[in-house]
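Below: one structure, written as structure tokens.
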Amino acid sequence: MKIAAWNVNSVRARKDRLVDWLKSAQPDVVCLQELKCQDAEFPMEAVREVGYHAVVHGQKTYNGVGILAKTEPTDVVRGLSDGVDDTHARLIAATVNGVRVVSAYVPNGQSVGSEQYEYKLQWYGRLRRYLDTRHKPGEPLVLCGDWNVAPADIDVWDPALWQGQTLCTDKERKALEHLCAFGLTDTFRKLYPAEQKFSWWDYRMLAFPKNQGLRIDHIFATAPLVERLVSAGVDRDARKGKQPSDHAPVWTEFKD
DNA sequence: ATGGTCGCGGTGCGA
């Protein structure tokens, strides 16, 4: 079972690229982030034609998350549903082949000390409570998406430059660690403790061709799935050429 | 070089 995550930065602008990648990569499950459209505008037919069901939690202009799968996702839950007054569409969950799948788009955080930065830290706490309320670490569960945190310096092209900046601050890393303390493992890092691969590059400054990136897109899994780990990677080529997203798809393969 | 580029929506904002 191959599970992937991709921040597409507008699913309508990225439709052809998404379809091409689905056809070549053949993931069983794909968690999408930053759809930037409402549910009715999602290119449902295009993904259906290449063999995928889709469940979507859309939003006009901003955010928006979805799950694509070769078999039909069931028990769909949209949002954190924790009673907080929050219009951001950043989370969707569904069950695929007995695995609970969560697609998450964590707030970017803008700049340290901003309102958005505080919202980001709180959002991490809300997601931890969501897991505590609804799930057990012994269940087969994956959380996939854009976490907007580089977990360690190895995940940053120039750690000295990024020291203390959003995506790399101690507070953000601690927030992510506290989330993972629920019982989640970073599947890529577990498989390859010393490998440096990035999933995001700034659109500016020729960051992509120079490979000046960060690893901020992750696939986290609970113990029953960690036992089944086979391989993981980043499809950097899906980012090349015309109409690239600033993120590349990341994926992890589990034994069936 | 404190800039630069995307996407949305039709201006400046979020990333």
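Here is the naming used below: chain letters follow the sequence lines, and residue numbers restart at 1 for every chain.
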Could you go over nucleotides 5-8 of chain B and give all protein N or O partners under 3.5 Å, atom names and distances?
residue : atom : partner : partner atom : Å
B/dG7   : OP1  : A/R14   : NH1          : 3.0
B/dG7   : OP1  : A/R14   : NH2          : 3.4
B/dG7   : O3'  : A/S10   : OG           : 3.2
B/dC8   : OP1  : A/S10   : OG           : 2.2

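- Remark: the separation of the P atoms in B/dG3 and B/dG7 is 23 Å, to the nearest Å.
- Taking atom CD on A/Q212 and atom P on B/dG4, their separation rounds to 17 Å, with Å as the unit.
- If you take atom C1' in B/dA1 and the same atom in B/dG12, they sit 24 Å apart, rounded to whole Å.
- The distance from atom CD of A/E115 to atom P of B/dG14 is 11 Å, rounded to the nearest whole Å.
- Partners of A/H88 according to the ring pair (Phe, Tyr, Trp, His ring centres under 6.0 Å) rule, which considers only residues two or more places apart in sequence or in another chain, are A/Y119.
- Residues passing the ring pair (Phe, Tyr, Trp, His ring centres under 6.0 Å) test with A/W201 are A/F208, sequence neighbours excluded.
- Between the C1' atom of B/dA15 and the NZ atom of A/K120 lies a distance of 11 Å, rounded to the nearest Å.
- Under the ring pair (Phe, Tyr, Trp, His ring centres under 6.0 Å) criterion, no residue pair touches residues 60-80 of chain A, with sequence neighbours excluded.
- With hydrogens and angles left out, the side-chain atoms of A/T166 and A/E172 include no donor and acceptor closer than 3.5 Å.
- One atom, CD of A/E34, and another, P of B/dG14, lie 13 Å apart when rounded to the nearest Å.
- Going from atom CG of A/N148 over to atom P of B/dA15 covers 8 Å, rounded to whole Å.
- Within the structure, ring pair (Phe, Tyr, Trp, His ring centres under 6.0 Å) contacts touching residues 94-116 of chain A (residues at least two apart or in different chains) do not occur.
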Solution key, residues 35-46 of chain A side-chain donor-acceptor pairs under 3.5 Å, sequence neighbours excluded:
residue : atom : partner : partner atom : Å
A/K36   : NZ   : A/N9    : OD1          : 2.9
A/D39   : OD1  : A/G58   : N            : 2.6
A/E41   : OE1  : A/Q38   : N            : 3.0
A/E45   : OE2  : A/R48   : NH1          : 3.2

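- Note on A/D246: nothing from the nucleic acid sits closer than 4.0 angstrom, heavy atoms only.
- Nucleotide B/dG14 holds its C1' atom 10 Å from the CZ atom of A/R90, rounded to whole Å.
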